[in-house]
Protein chains: 2
Amino acid sequence: MGSATERRGIPDATVTRLPEYLRALTSLADTGVTSVSSEELATVVGVNSAKLRKDLSYLGSYGVRGVGYDVTHLSDQISSALGLTRDQAVAIIGMGNLGRALAAYNGFASRGVEVVALLDHDPAVIGSRIAGLTVEPVADLPRITSEREVTIAMLATPAGSAQEVADLVVAAGITAILNFAPTSLELPADVQVRKVDLATEVQILAFHAQQSRLGGLPAEPVLTEAVQ
Amino acid sequence: MGSATERRGIPDATVTRLPEYLRALTSLADTGVTSVSSEELATVVGVNSAKLRKDLSYLGSYGVRGVGYDVTHLSDQISSALGLTRDQAVAIIGMGNLGRALAAYNGFASRGVEVVALLDHDPAVIGSRIAGLTVEPVADLPRITSEREVTIAMLATPAGSAQEVADLVVAAGITAILNFAPTSLELPADVQVRKVDLATEVQILAFHAQQSRLGGLPAEPVLTEAVQ
DNA sequence: AATACTTTGTGCCTTCGTTCACAAGCCAGG
DNA sequence: CCTGGCTTGTGAACGAAGGCACAAAGTATT
């Protein structure tokens, strides 16, 4: 992640928080708020206000001292920094349970994400319609990618075929992958991969659950740190 | 007791990686491998081998110098450290697209996660069967939690009701939540929350995709003042 | 038994991220 | 215009995480 060709610009940790800020700002705007202080916004998203200000400072100085930030303007700036000036065209590959759920997920549209293609390599699935789109063969990925300007692929295949499909994705010219398959992918360094592994998340929670179960003891209160 | 399970203060960053190691080890065991070096395992999961060794050292010294780690034994130790000696009983709340997909996801069983309850508060959904379970009313959560020893809740409700439901979850005695709703929750400090937000993940990738698009340029990456 | 070889476990240094705390800057009111 | 009250933006201290490099500790070989 932090390795290789990282432009000395916005730190990774900050980038991962920007979407949170954006969501909170959008929510505030919906309730008619036009101006917000770092303290207020920080409370909403649950972070330290100094961290929030520093994060925003990487984008430029868009706050007004003594006043706060203009909600609309800040939203625009964050959107711009994230590259959301246009919707991101996403292809979902693997139409199992998860793939279908992703295709039908209605939380994307309002946040700059548009699903433009559904792919599978099972002939029994190809051609069926899911969430308003027709499932297409994986083999068509290169054509689809260039025609619809796909920038991001969501991999929802079984673990066994994830690497193989990921190679196809990269060959098709896509450089950003959201990997839902429970396996790690070996890909060129210039391809960005983020991983969402549900069982992993549960196991991390299991650890903390165990800690708090053992934690009530009078022994050592040494580790009462908050996570994240 | 005095020997093996001496896990005092495993760093968060390590905890998040342990499930990855466990998955890789399980996969290795399935292919008949009985012993593995830190270098080999590190390659499989895509991390630095020194980091891997340091991570494992927090659990204790289970490697043999000159040889490596016994796959089965190490798996057991990690499982134990994570608190996976028993399956984690999980309740999924919110039976929309995502909740259904989670309920039907077949990647849990083999990794120590058992879905023991599906909940919703829509009477039209309650009583229907999904993935072998009957959907129950959210109001029954306290009883279900104690009867089935639920330790973790997955929140797959709309953003609007997430906080409200989370409060119920906590009131029912659950202290670990995996939040799929695109909102941040305000909860007591002793409740562990992890968040999975799909749109956020895509937006993070969008940033990196944009970076590599602009990558070759010598100019400044982020200064978008002219945009209005 | 002694030497050669392999791999772990970890001390130390570097890098990255977080938090504090305060000067700088802006608005409002008199 | 000046004063007082807020809030931003950031230098500096602190802390967590990452990675190098090597001594320690084992196996294999002769």
Side-chain angles (χ1 to χ4, degrees), chain A residues 1-18 20-21 25 28 33-71 73-74 77-78 81 204 222-228, chain B residues 4 6-18 20-21 25 28 33-71 73-74 77-78 81 204 222-223 225:
Chain A
M1 254 172 276
S3 65
T5 56
E6 196 59 53
R7 282 198 140 280
R8 176 145 88 279
I10 307 178
D12 277 343
T14 294
V15 171
T16 64
R17 283 186 295 265
L18 289 180
E20 301 293 320
Y21 302 156
L25 286 166
L28 285 173
V33 177
T34 60
S35 177
V36 69
S37 73
S38 65
E39 192 63 41
E40 291 165 338
L41 185 53
T43 302
V44 172
V45 302
V47 304
N48 178 296
S49 69
K51 179 156 68 176
L52 170 58
R53 288 197 298 279
K54 189 159 280 189
D55 282 343
L56 296 182
S57 77
Y58 292 115
L59 313 183
S61 291
Y62 299 121
V64 179
R65 294 173 192 228
V67 177
Y69 300 85
D70 180 82
V71 171
H73 185 234
L74 187 54
Q77 292 303 331
I78 295 178
I204 294 168
V222 189
L223 273 183
T224 40
E225 288 301 307
V227 177
Q228 280 185 328
Chain B
E6 210 53 60
R7 59 188 98 91
R8 180 176 59 89
I10 305 178
D12 278 342
T14 294
V15 172
T16 64
R17 283 187 294 266
L18 289 179
E20 301 292 321
Y21 302 156
L25 286 166
L28 284 172
V33 177
T34 60
S35 177
V36 68
S37 72
S38 65
E39 192 64 41
E40 291 165 337
L41 185 55
T43 302
V44 172
V45 301
V47 304
N48 178 296
S49 69
K51 179 157 67 177
L52 169 57
R53 287 197 299 277
K54 191 165 283 187
D55 283 343
L56 297 182
S57 78
Y58 291 115
L59 313 184
S61 292
Y62 298 123
V64 179
R65 295 175 191 224
V67 177
Y69 299 86
D70 179 82
V71 170
H73 186 235
L74 187 54
Q77 292 303 330
I78 295 178
I204 294 168
V222 183
L223 263 188
E225 308 202 61

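Letters A, B, ... mirror the listed sequences (proteins, then strands); counts begin at 1.
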Item to check | Atom pair CD1/OG1 of A:Ile204 and B:Thr16 - distance to nearest 0.5 Å | outcome: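 Nearest 0.5 Å value for the CD1-OG1 distance: 5.5 Å.
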
Checklist entry - To the nearest 0.5 Å, what is the distance between CD (B:Glu40) and OG (B:Ser35)? => result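 With rounding to 0.5 Å, CD (B:Glu40) is 7.5 Å from OG (B:Ser35).
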
How close or far is atom [atom2] of [N] from atom [atom1] of [X], stated in whole angstroms?
| X | N | atom1 | atom2 | result |
| --- | --- | --- | --- | --- |
| B:Leu74 | C:dT8 | CG | P | 11 Å |
| A:Asp55 | C:dT18 | CG | P | 7 Å |
| A:Asn48 | C:dC20 | CG | C1' | 9 Å |
| A:Ile10 | C:dG17 | CD1 | P | 12 Å |
| B:Leu52 | C:dG9 | CG | P | 10 Å |
| B:Asp70 | D:dT27 | CG | C1' | 16 Å |
| A:Lys51 | D:dA16 | NZ | P | 13 Å |

Next on the checklist: Can you confirm whether A:Leu52 sits close enough to A:Val45 that some side-chain heavy atom of one is under 4.5 Å from a side-chain heavy atom of the other?
Outcome noted: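 A side-chain contact under 4.5 Å is absent here.
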
Could I get a table of every N or O pair under 3.5 Å where one atom is in the protein and the other is in nucleotides 28-30 of chain D?
none

Checklist entry - Of all heavy-atom pairs between A:Ile78 and A:Leu18, which one has the smallest distance, and what is that distance? => result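 Heavy-atom minimum between the residues: CG2-O, 3.8 Å.
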
Checklist entry - Which atom names give the shortest non-hydrogen contact between B:Ser49 and B:Ala42, and what distance separates them? => result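 Minimum heavy-atom contact is CA-CB, 3.6 Å.
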
Find every protein N or O atom lying less than 3.5 Å from an N or O atom of nucleotides 4-10 of chain D, and list the pairs.
{"from": "D:dT7", "atom 1": "O4'", "to": "A:Gly66", "atom 2": "N", "distance (Å)": "2.9"}
{"from": "D:dT7", "atom 1": "O2", "to": "A:Gly66", "atom 2": "N", "distance (Å)": "3.4"}
{"from": "D:dT8", "atom 1": "OP1", "to": "A:Ser38", "atom 2": "N", "distance (Å)": "2.6"}
{"from": "D:dT8", "atom 1": "OP2", "to": "A:Ser38", "atom 2": "OG", "distance (Å)": "2.6"}
{"from": "D:dT8", "atom 1": "O2", "to": "A:Arg65", "atom 2": "NH1", "distance (Å)": "3.1"}
{"from": "D:dG9", "atom 1": "OP1", "to": "A:Gly63", "atom 2": "N", "distance (Å)": "3.1"}
{"from": "D:dG9", "atom 1": "OP2", "to": "A:Tyr69", "atom 2": "OH", "distance (Å)": "2.6"}
{"from": "D:dG9", "atom 1": "O4'", "to": "A:Arg65", "atom 2": "NH2", "distance (Å)": "3.0"}
{"from": "D:dG9", "atom 1": "N7", "to": "A:Arg53", "atom 2": "NE", "distance (Å)": "2.7"}
{"from": "D:dG9", "atom 1": "O6", "to": "A:Arg53", "atom 2": "NH2", "distance (Å)": "3.0"}

Item to check | Under the salt bridge (Lys or Arg N to Asp or Glu O under 4.0 Å) test, residues paired with B:Arg53 that sit two or more places apart | outcome: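 Residues passing salt bridge (Lys or Arg N to Asp or Glu O under 4.0 Å) with B:Arg53: none at all.
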
Item to check | Listed nucleotide nearest any side-chain atom of B:Arg17, set D:dC20, C:dT19, D:dG18 | outcome: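 Of all the options, the side chain of B:Arg17 is nearest to D:dG18.
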
Checklist entry - Do B:Glu20 side-chain atoms and B:Arg17 backbone N/O form a donor-acceptor pair below 3.5 Å? => result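 The answer is no, because no donor-acceptor pair under 3.5 Å joins these two groups.
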
Item to check | side-chain contact (heavy atoms from CB on, under 4.5 Å), paired with B:Tyr69, selected from B:Leu25, B:Leu56, B:Leu41 | outcome: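 Going through B:Leu25, B:Leu56, B:Leu41 one by one, the side-chain contact (heavy atoms from CB on, under 4.5 Å) with B:Tyr69 is satisfied by B:Leu56 alone.
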
Next on the checklist: One pair to check against side-chain contact (heavy atoms from CB on, under 4.5 Å): B:Tyr21 and B:Leu74. What are the steps and the verdict?
Outcome noted: CA-CA 9 Å; B:Tyr21 302 156; B:Leu74 187 54; over 6 Å; no

